[in-house]
Amino acid sequence: MMARNDTVGTVRAVRLAGPGREFLIDDEPVDLHLDGGVIVDIAPTGALRPRGQVLDADGLWAVPGLWDNHVHTVQWALAAERVPLHDTTSAAEAALRMGEAPTLPDGRRIGTGFRDALWPDRPSLELLDATTGAAPTYLINADVHSVWLNTAALAREGFRADDGVLREEDAFEISRRLNAVDPAHSDEAVLRAGEAAAARGVTGLVDFDMAWNAAAWPRRIRAGFAAHRVEFAFYPADLDRAVTEGLRSGEPHEEADTPAEARGLIRVGSLKIITDGSLGTRTAACSHAYPDDPGNYRVLTVPGDELVALLTTATGAGITAAVHAIGDRAVTSALDAFLVTGATGSLEHAQLVRHADLARFARLGVIASVQPQHAVDDRDFVEHHWAGQTSLGYPLSSLFAAGAEVRFGSDAPVAPLDPWQALSAAVWRTDDERESWHPEERLTVDQALSASVRSTLRPGEIADIALTSADPRTADAAALRAMPVAATLLAGRVTHVG
């Protein structure tokens with residue numbers, strides 16, 4: 001029986017289901033032969049002598065290791081310690097739940113995950129004060145673009161808000177403060193969360209924490225982190241620091257004494273720039289007004305000329321860009337900036353896209369980094385708040401048809417860090433008894449898998465592999481969402497075994 005951290009030399013009797021399968025003539029089991037963390041051969045079961053330790057798959061299905069390309073790592077890891085609010089249906093219910101919640105050791109209450117876009121009542125200072133009293137209380141919106149605080153929390157943080165709600169940059173600042181717990185505590189939470197991700201077949205993620213992650217990840221490696229690969233981002237406030245320290249996207253970022261099993265896991269990612277708000281907070285920059293506020297199209301939080309300047313600096317320093325753009329005006333502005341500067345990287349979210357902009361992703365080489373679960377979670381919001389928009393909402397098939405490179409993520413903790421949920425949402429466009437939402441934007445399983453991985457099951461490729469108990473290609477929506485993962489390999493090293 002294999003154990004975590006064992007190094008596998010042969011995966012015996014496995015059937016391929018992900019990228020790489022197209023080179024086989026049938027679904028008969030094969031042996032994957034690994035050496036030095038790389039797949040060196042694929043042969044019919046028993047045809048070649050096994051090498052090293054053997055993981056007996058006995059007919060399990062293999063896909064390349066899965067990636068989550070958009071994670072707020074510390075906030076995701078700490079979410080397990082906060083009051084869940086995702087199922088609250090009104091401001092009154094959310095306030096009552098927080099009032100009944102126990103306080104943390106520092107005397108605060110922190111809730112997370114509320115979605116107020118369709119609540120029948122609105123968050124207010126009076127309502128939250130009435131249930132929470134003197135204990136500083138914070139409710140973080142699911143999209144993190146707004147935070148609802150009581151009077152005690154506002155006083156503690158030095159902010160004012162007539163309704164108790166802070167939005168956009170003020171909300172981000174509160175989130176940064178709430179996440180700035182003792183590093184030993186947050187690192188332990190990240191280690192546990194990394195193990196949970198490996199149990200879902202994850203071998204890599206992109207970290208968009210609003211912090212100086214260049215210092216955090218080497219520290220976590222020293223604390224024992226080795227669950228998956230990480231590309232870490234940084235924000236405009238730290239761009240000069242990144243340039244001065246010589247950070248370049250794609251390069252390894254590790255210390256001389258990094259343990260062998262963690263070598264090469266941490267790499268420099270992109271400059272993250274947030275150019276508009278969100279649908280949930282009704283602050284995404286759109287070409288048509290929101291129905292509850294005629295004439296208000298919301299604004300770009302980073303104007304076009306400022307975005308061009310940031311991308312110019314980053315590109316000159318060898319740094320790629322990850323530009324948050326949700327509304328169609330923000331998407332157009334971001335693509336314009338990529339065009340003018342010649343920058344490379346990704347456009348994050350792309351939830352509302354003009355038809356004319358679809359082809360520009362491929363033409364400019366900009367990755368469409370999207371979160372399929374958001375389309376399922378937000379479908380009712382879209383029908384109400386974006387009913388008058390003429391651009392495409394949450395396109396997937398349209399992006400593929402236009403030749404764009406598409407990558408999937410969760411935006412955890414906005415949605416659970418589980419690539420199988422993203423896969424199911426992309427293929428079926430529903431997670432309940434309702435029909436598929438805009439079924440014309442559904443993907444095939446093969447397309448969804450291609451957006452969820454960074455490698456293939458072919459000789460010469462890195463041995464990042466997830467073994468599943470069922471064939472993803474034949475699974476229905478529920479089965480795909482709950483896909484059992486029997487084992488996960490990271491460069492041939494076992495990071496999870498069921």
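Keep in mind the model is a prediction, meaning the values are calculated, not measured.
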If a pair satisfies salt bridge (Lys or Arg N to Asp or Glu O under 4.0 Å) and one of its residues is in residues 332-350, list it, with sequence neighbours excluded.
D336-R360

Can we call the ring centroids of F408 and H70 under 6.0 Å apart?
no

So with a 6.0 Å cut-off around CG of D163, is the heavy-atom count from everything else above 12?
yes

Do E157 and Y138 have side-chain N/O donor and acceptor atoms under 3.5 Å apart?
yes

I want to check a possible cation-pi pair here: K272 against F208, using under 6.0 Å from ring centre and within 45° of the ring axis as the test.
yes

Could you give the distance from OG1 (T131) to CG (N150), rounded to the nearest 0.5 Å?
8.0 Å

R192 and E195 ion-paired at < 4.0 Å:
no

Looking only at side chains, do D209 and H72 share a donor and an acceptor under 3.5 Å apart?
no

Distance-only side-chain donor-acceptor flag, H253 / E245, under 3.5 Å
no

Looking only at the side chains, is there a donor atom on one of N141 and W148 sitting less than 3.5 Å from an acceptor on the other?
no

Working to the nearest 0.5 angstrom, can you tell me the gap between C286 SG and L352 CG?
5.5 Å

How many angstroms lie between atom CD of Q351 and atom CD of Q389, to the nearest 0.5 angstrom?
12.5 Å

Below 4.0 angstrom, N of the basic side chain to O of the carboxylate: do E188 and R220 qualify?
no

Considering residues, nucleotides and ligands other than H288, do more than 12 of their heavy atoms fall under 6.0 Å from its NE2?
yes

Do E383 and R379 pass the salt bridge (Lys or Arg N to Asp or Glu O under 4.0 Å) test, and can you show the C-alpha distance, the side-chain angles, and the key distance before you say yes or no?
CA-CA 6 Å; E383 296 296 337; R379 60 189 293 180; over 6 Å; no

Inspect the contact between E435 and R429 and indicate whether a charged nitrogen and a carboxylate oxygen are less than 4.0 angstrom apart.
no

Charged N-O contact under 4.0 Å between R267 and E251:
no

Surrounding CG of D182 (heavy atoms of other residues, nucleotides or ligands, distance under 6.0 Å), is the total greater than 12?
yes

Tell me yes or no: between the side chains of E168 and T283, is some donor less than 3.5 Å from an acceptor?
yes

How long is the span from the CZ atom in F400 to the CD atom in Q447, to the nearest 0.5 Å?
5.0 Å

Scan side-chain atoms only and decide if Y290 and N296 contain a donor-acceptor pair under the 3.5 Å cut-off.
no

Distance-only polar pair, side chains of T332 and R354, donor-acceptor under 3.5 Å
yes

D68 and S410 side chains, donor-acceptor separation under 3.5 Å:
yes

Distance from R282 atom CZ to H145 atom NE2, nearest 0.5 Å?
12.5 Å

Can you see whether D464 engages S455 through a side-chain donor-acceptor pair at a distance of less than 3.5 angstrom?
no

Lys NZ or Arg CZ of R407 over W67 ring: under 6.0 Å, within 45°
no

Say whether N179 and Q75, considering side chains only, have a donor N or O and an acceptor N or O under 3.5 Å apart.
yes

Pairwise side chain to side chain donor-acceptor pair (under 3.5 Å) hits with a residue in residues 318-329, at least two apart
S249-T320, S270-T320, D276-H324, S287-D328, H324-H349, D328-S391

Rounded to the nearest 0.5 Å, what's the gap from CG on D87 to CZ on F114? Could you check?
13.5 Å

Could you tell me how the ring of F234 sits relative to the ring of W212: parallel (under 30°), tilted (30 to 60°) or perpendicular (over 60°)?
tilted

